[in-house]
Amino acid sequence: MAEYHFREIEAKWQKYWAENNIYQTKENTSKPKYYVLDMFPYPSGAGLHVGHPLGYIASDVIARYKRAKGFNVLHPMGFDSFGLPAEQYAIQTGQHPAITTAENIKRYKEQLKNIGFSYDWSREVQTSDPAYYKWTQWIFMRLFEAWYNQKANKAEHIHTLIAEFEKNGNLQVEAACDEDTPTFTAEEWKNFSEKQRSDILLKYRLTYLANAYVNWCPALGTVLANDEVKDGVSERGGYPVERKLMRQWMMRITAYAERLLQDLETLDWSESIKEVQRNWIGKSMGAEVCFYLTPNPLSKGEGAITASQSIEKENIENKNTKHSFHWQTTSPEKWEKLKEFARNNRKNPTNAENILWQAIRNRNLDVKFRRQHAIENFIVDFVCLEKKLIIEVDGAVHFEKEQQEFDKIRTEYLNYLGYQVIRFTNSEVENDLEKVLEKIKRVIQNTPSLLERGLGGEVNKTITVFTTRIDTIFGVTFLVLAPEHELVSEITTPDRKPEVEAYVEKAINRSERERMSEVKSVSGVFTGAYAINPFTKEPIPIWISDYVLAGYGTGAVMGVPSSDDRDFRFAKFFGLPIVPVIEGTEHLENPTEKKYGKMINSGFLNGLDTQEAIEKAIQYAEENGFGKRKINYKLRDAVFSRQRYWGEPVPVYFKEGVPYLIDENDLPLVLPKIDKYLPTETGEPPLGRAENWKYKGIYDYELNTMPGWAGSSWYWLRYMDPHNGKEFVSKEKEQYWKNVDLYIGGAEHGTGHLLYSRFWNKVLYDLGYISSPEPFQKMINQGMIQGRSNFVYKVLYKEAQAHKRLAEYLLPLGFEANVLPGDMQLDFVHKEKKVAVEIRSQSIIKENWQNYLSKYAEFMPDCQVMFVSVEEIFTNVEEAVLRVRKALSGEEFVQFPENDYELPNLFVSYNLRDSYETVALHVDVNLVENDVLDIDAFRKWRPDLANAEFILEEGKYICGAEVEKMSKSKYNVVNPDNVVERYGADTLRLYEMFLGPLEQFKPWNTNGIEGTHKFLRKLWRLFHDEKGNFNVSEQEPTQAELKILHHTIKRVTEDIERFSFNTPVSTFMICVNELTDLKCNKKSILEPLLVLLAPYAPHITEELWHLLGHTESINFATYPDYDEKHLQESTFNYPISVNGKLRTNIEIALDLPQADIEKIVLSNEIVQKWLEGKSAKKVIIVPKKIVNVVV
RNA sequence: GCGGAUGUGGCGUAAUUGGUAGCCGCACCAGACUUAGGAUCUGGCGCCGUGAGGCGUGGGGGUUCGAGUCCCUCCAUCCGCACCA
């Protein structure tokens, strides 16, 4: 064989490797293990493009390198084969997603095998295979049967929780559980029904059913996890997502928030991806502070009960009876003045008053009414304090205008105090009591009781806020609740109700996206309610606003406009007071510019620094019982249900509304057949279509399936033991392989796969099934390979240009251009001969000429009008001019273009495009080489281009180029198959590595691939003579040759060890170049070089290895060690600089003492010249580096 | 706005971590061999300058005998997060 025939060589060895199971991994425990894994690919219909193999090649290099270094390497590949695209395709075509998936996988495997990866295909897994998802379901069951014990700080089997419930109820349990978990005693637990117990346990399980606001995507017909939503639209497909309250399976990942955060420190991951996870977990340390609601909305002065009094009073009252009403609705002093009137009125009621009183007294309407009760300065007829409802019965006097005015003010005031006032006339009560009572009943019904709404200190309700800056609490001038906050409807005063409700309505209906896009605008509504700042005892208004998110913290914030930007904007907008609390902010236009410093205006915190003040304030709050230290996480529990077919069925059935796990022996719960991959008519998920699909033929199965990330959250474990039918992974194998040593994949999984995998891994670890707390020890995120699009520039034929062109002919004939009679513009007019020429496109002339003519007749009577089409001008301008000439000379002429003209399909080369009006069009990059267009191929590319013509530069058509995402629509996708076809897999592998650092994003540009291909041919020639005969010498190597080899070994090995994949390629090139220069064909040099290169170029090295006489695969060769002794030098060519500037080089023996070096350097001619007669101040000699002479 | 990363010839990049900036490859230029070249080989190739030399690692400043590398500052690009309390 003379030439390097890569196609034959590569096919030959790929076959050999497969037939001889060269890459099969055995559990050989005498060797150290090394587990190198690629991120699970989803087999999409588009197949691989050159960007995908980048990471696979790097991991393959490592796998091969580690094998040669004596490691037992696990390097598997498989497919994350459940997912939306195959199902979308199924919906459109009716083809079962399993078929689509199988086809896609087949294609992927062909492409992968074509590149010569050393995967152990015997370990391949597919998540959609029942033999695999059996264990996904099994793990789901483990999660269902687990709870998170915060005392032990780990997950435990639910049995331990039940045992505790039976012993002590849940009073002493510290667990990750739902917010609304009630407390109960052991006694109560024992008396709970099965359903009640199930409901309680669901609040603790690591996977649970709950009503939660989820991301509902109507277009996909399913809910999505938070990480699947980007900027308010679905990550896949970009469909809108809305908030919807649904009962869904959830994963209690929040239980692990702290450990997921802390253990990041133990991982060798890039800082950026750790940061992404930290952000997502979103830990913030601060405090929760309780704000009591005021008993009444306070007006200034007025003698109302002061805030501090009210708190004391409330505390006293609360000690006695938890729900005692605050019936004293005026001050004692006022009551002194009013009580006589009140008593009088009671004794002498009007007839109407009496009738009504008899009807409503004694809780006749289920609520207690008081009559002639004093409220502030007024005595009202009847009042129901629980509902804050006042009923007035008006006599004749109320018809007078003055009295009506007074009533109005009185009502307003009472409204202001939070009371509803309804009025009846005497006659209404006397004549139609039924109707009156009916109305009262209705109002009572529609008004929440204070027992429920807890307005003010009358019941023990508080608003809790979360803050990281409790030190600024003296600067709190308002509270803001999220519109969705549960207290909003309860605390809103009647007068504010319409406005508040309208705002809430609007906020809830607005999509996430809308709310996000209006970040900068300020909006909000006052609720009418007030709270007491527990530090200052001052009342502060309670507002609601969009900028407070229901899902974060407590859904309420304390507004500190002097140190928070959003609060500042809010306060400015609504004119709320701003109290500076940090020294130096008093006179600032915007006090939030300075956020840290000494406290001012802050009572006992004055003078403290931010951190000290935070500590002291928390301490104070805890001591006084209205606050506590609190750590908050942004991380939410993950929605685990999908209303989809193509996913793992959830191994759960329902009996009387209680979810039960199916028996473990019934696993796997296999996906049933269904007729259509759509929801049922009643809106149930597709699985609702399965016929007779019931557990044990009786019980309904869960109809949701698991999300795409379920199967990929544990797959690395399955590779350790992929065919085990008894366990998801055997203990021994798990103990041996432990976790992934090197994980290579994209950074885009930072908040999804990489977080869920860590979560499941930790659960399995806590439950004792596996031995590593983290799944992926080291990770490298390969940069995306971007597409490099090429463009051609199609010449546009516009009227403006046609006009210009025609003008060249017509102006010399005496035409004027752009004549403006009336509101028209005529293209060309010959005034003397009364001829007008109009340019329009061919189609417009055809369709509209009559309209034009009538217009011309209006402005230019008795003028000859003729039309010239744009098409005509560019294809046959002479003909057009001829027609015009005829018209001028009075001959008979043709008014319209005689023929239909077709414009040439003209493209102009990149650097000439500025002289034309052009549009840039994507051209298939496969038709372009080094930005030069293959014109023939271009004409054949699409039928409409067959007649394409070109304006060339220097005989070539140069394309423009731009870096974009690699995608079909941009015609910039490069298929690795094509590259392999043309240059071979080894060249592709080398080139992808050579392109630059693995982590970097870079455009794919085939331009440089020649270089790596040439390198391989050069390597080939080292082993062959000029005639192409294999020719390797057994001669002893020279010192120079050994030096080249060992230098290469050293550099390549060091580079691979630090995962620098591009630099070894250069080193190999240098090595081969140098050996070529020396005409070295010695076996003792070339043989180790092959082993060194084999991880990068496995095919050519395998071929040459066998040509050298080996009968075993190069994969079993040992990696060469480098020997320092071959790199020893006796002299060094020192760079000599004078004052830091390089002036010359001097070869100096390395064993020479520094003083001698100095002498040699200073006596050097060139150094002398630069010294300019001065003496050297200092000579710095860095051995084997540099000499610097300082003058 | 906050956080992270990056910035070096026409292009992809390299620089043993403070010691000769531009290795290797592409493109380009010149030449050789050839009927031919999308083969192969040789030489050149940061910028200015005929030259000596000067200038050069996004800009400015600093530390140092010496800075692409360390410090300060500004700018640009990319990525992530974002009313997160």
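All chains are named by letter (A, B, ...) in the order of the sequence lines, taking the proteins before the strands, and each is independently numbered beginning at 1.
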Considering only atom [atom1], compute the distance from [N] to [M] and round it to an integer number of Å.
| N | M | atom1 | value |
| --- | --- | --- | --- |
| B:G9 | B:G19 | C1' | 23 Å |
| B:A14 | B:A82 | C1' | 38 Å |
| B:U8 | B:C2 | C1' | 30 Å |
| B:G51 | B:U42 | C1' | 27 Å |

* Check: B:A85 base within 3.5 Å donor-acceptor of A:R469 side chain -> no
* Asked: Could one point to a donor on the side chain of A:N1188 or the base of B:C65 with an acceptor on the other under 3.5 Å away?
  -> yes
Choosing from [options], which nucleotide comes nearest the side chain of [X]?
| X | options | answer |
| --- | --- | --- |
| A:L1142 | B:G12, B:G19, B:U20 | B:U20 |
| A:I1180 | B:A85, B:C65, B:G12 | B:C65 |
| A:T1063 | B:C24, B:C81, B:A14 | B:A14 |
| A:K1185 | B:G19, B:U20, B:C84 | B:G19 |
| A:V1190 | B:A85, B:C65, B:G25 | B:C65 |
| A:I1070 | B:C84, B:C24, B:C65 | B:C24 |
| A:N1073 | B:A85, B:G25, B:G80 | B:G25 |

* Asked: Centroid-to-centroid, A:Y1096 to A:F1061, below 6.0 Å?
  -> no
[atom1] of [X] versus [atom2] of [N]: gap in Å, rounded?
| X | N | atom1 | atom2 | value |
| --- | --- | --- | --- | --- |
| A:F568 | B:G1 | CZ | P | 17 Å |
| A:F570 | B:A85 | CZ | P | 18 Å |
| A:L755 | B:C81 | CG | P | 13 Å |
| A:L481 | B:C83 | CG | P | 19 Å |

* Structure fact -> The contact string for nucleotides 40-55 of chain B, one letter per nucleotide 5' to 3', using protein heavy atoms under 4.0 Å with B, S and - for base, sugar-phosphate only and none, comes out as SS-----------SSS
* To do: Can you tell me which stems RNA chain B forms, taking runs of 3 or more consecutive Watson-Crick or G-U pairs with both distances under 3.5 Å?
  => B:1-7 with B:75-81, B:10-12 with B:24-26, B:28-32 with B:40-44, B:46-48 with B:53-55, B:58-62 with B:70-74
* Structure fact -> Which of A:Y503, A:F478, A:F573, A:F570 passes ring-ring contact (aromatic ring centres under 6.0 Å, His included) with A:W543? It is A:F570
* **Sugar-phosphate only, base, or nothing, as touched by A:V557 at under 4.0 Å among non-hydrogen atoms** => base
